[in-house]
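FYI, the numbering just counts along the sequence from 1.
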Amino acid sequence: MKNLRGIIVAAVFAALSLLLQTVARHFDVLLDMAYPFFSKTAVEFLGSTVGGSDVCLWQVILAVYLAAVVVTLGLMILFRWNVFRWLGWVLAPAAIVYFLFTALWGLNYYNRPINESMKLEVPDYTVADLQEAARFYGQRANRLSTQVSRDSSGNVELPTLAELNQAAEEGYNELVWNYSIFAGSRGPVKALGWSSKFSAMGIDGVTVALTGEAAVNLEQYASRIPFNVCHEIAHLLAIAREDEANFAGFLACEASGDPLFQYSGYLEAFLYCANALYDTDRDAWEAVWQDMSQALLHDVEQLNQVAAGREGPVQDSAQAVHNSYLQSNGQAEGIESYGQVTDLLVAWYQDQYVEDDTPEPTRFDPYNYDEVFPENTTEATEEG
């Protein structure tokens, strides 16, 4: 039993994490009343504590943990330690950290949808609606593509990370005037260490609630980075679901006064809608690409080259792990949930730019005698 203590501790904390997720799944309404506020407050406090360093604290902790695993593995083999005791030493800290993560931030996966918090109706839509939204986002991105700074090769030039954080903060500060869900931490977002390794895994950004840190991978094409900065800040704001973080990222880019952020947001929104259209109607997909500027087409080509360079077994394995993680936290679609932002983008476009032909219901007038006493009016007419 002495050799199994670590494994027992790991099992207990794993069970506690599962219990928290089960309770959150069945009492999501009660959870939504207080948990997001608690989570955002805790994350903002933790972020302000370690935010002064350019290095991600969680990466330092992870490096120490992995080094300890490797060293103790060698010592176990050398001195013939009990395998189960060593395994307990490895699993117990991981299970405790996952429990703390679940308690602090992980239950945000069970919050009410972002569109409900924004009072945004997401109706069913047709292929024609999707094409119309894709055309709208494409035209906006097309116009903005000529307003961003580019180098001699035509590639988008990126400002400093401090300037990116400032523009992202301005976007979210603008949003919070209308939607309180966007109140909370603004980062700052840090540069992700070990960028080449994360690139090989297809990871563009990471947010760790236990240290209150959000980080973006700068080893990617520049047009996508402003959008990813806003995406990671959305996670700091207790917006856990990936499609909703994408939507929040677009809104922050759109609200920002920076043309680079606006272009980044509209280009990503266009690509999400266009990709959904490609799976539905190829002719409609081809139509939305007409009259696009050479600058926009160049950026899309660069994005495709980056994606193609990452393909391989490392990315496949990392995506499989991430897919399992998302599914274990209530996102049944796994990594496919990223693309579900299309529903929110179409709904937002229709809410903001499509006129509703439905006639408004007649409002009750308390000063109109006939509306207040309709029966008396009918009786008077019959007597007359």
Practice task
Would you mind listing the cluster partners of Phe37? Hydrophobic ones only (ILVMFWY), side-chain contacts under 4.5 Å, chaining allowed.
Solution key: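 So far as hydrophobic clustering goes, Phe37 is joined with none.
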Handout entry: Shared-cluster residues of Val60, by chain and number - hydrophobic side chains joined below 4.5 Å
Key =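 Val55, listed by chain and number.
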Handout entry: Check: Phe27 ring centre within less than 6.0 Å of Tyr110 ring centre
Key =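 Not under 6.0 Å, so no.
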Contacts of [X] that satisfy ring-ring contact (aromatic ring centres under 6.0 Å, His included) - sequence neighbours left out:
X      : value
Trp89  : Trp81
Phe99  : Phe13
Phe270 : Trp289
Tyr278 : Trp285

Exercise for the section: For Leu236 and Gly212, work out which heavy atoms get closest and say how close. Expected result: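 Between these two residues, the closest heavy atoms are CD2-O, 3.9 Å.
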Exercise for the section: Using the side chain to side chain donor-acceptor pair (under 3.5 Å) rule, collect all pairs that involve residues 64-80, keeping only residues at least two apart or in two chains. Expected result: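 Listed once each, the pairs are Thr72-Trp86.
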If a pair satisfies salt bridge (Lys or Arg N to Asp or Glu O under 4.0 Å) and one of its residues is in [range], list it, with sequence neighbours excluded.
range            : result
residues 57-69   : none
residues 92-112  : Asp32-Arg112
residues 98-110  : none
residues 257-272 : Arg224-Glu268

Distance-only donor-acceptor check, side chains [X] and [Y], under 3.5 Å:
X      : Y      : answer
Asp204 : His231 : no
Gln305 : Glu301 : yes
Asn111 : Asn108 : yes
Asn217 : Ser199 : yes
Ser264 : Ser223 : no

Minimum side-chain heavy-atom gap [X]-[Y] below 4.5 Å:
X      : Y      : result
Pro226 : Leu158 : yes
Thr41  : Glu44  : no
Leu277 : Val288 : yes
Asn173 : Phe182 : no
Gln220 : Leu303 : no
Gln350 : Asp129 : yes

Exercise for the section: Can you sort out the partners of Ser149 under side chain to side chain donor-acceptor pair (under 3.5 Å), two or more places apart, ordered by chain and number? Expected result: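 Result, side chain to side chain donor-acceptor pair (under 3.5 Å) vs Ser149: Glu157.
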Is the ring pair [X]/[Y] parallel, tilted or perpendicular, if the boundaries are 30 and 60 degrees?
X      : Y      : result
Phe136 : Trp348 : tilted
Phe38  : Tyr35  : tilted
Tyr266 : Tyr137 : tilted

Practice task
Inspect the contact between Asp351 and Lys119 and indicate whether a charged nitrogen and a carboxylate oxygen are less than 4.0 angstrom apart.
Solution key: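 Answer for the salt bridge query: no.
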Practice task
For the pair Arg135 and Asp291, find out whether any cationic side-chain nitrogen is under 4.0 Å from an anionic carboxylate oxygen.
Solution key: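 Result for this pair is no, no salt bridge flagged.
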Exercise for the section: Verify ring-ring contact (aromatic ring centres under 6.0 Å, His included) between Phe261 and Phe227, making sure each step is shown before the conclusion. Expected result: CA-CA 7 Å; Phe261 271 74; Phe227 173 81; over 10 Å; no
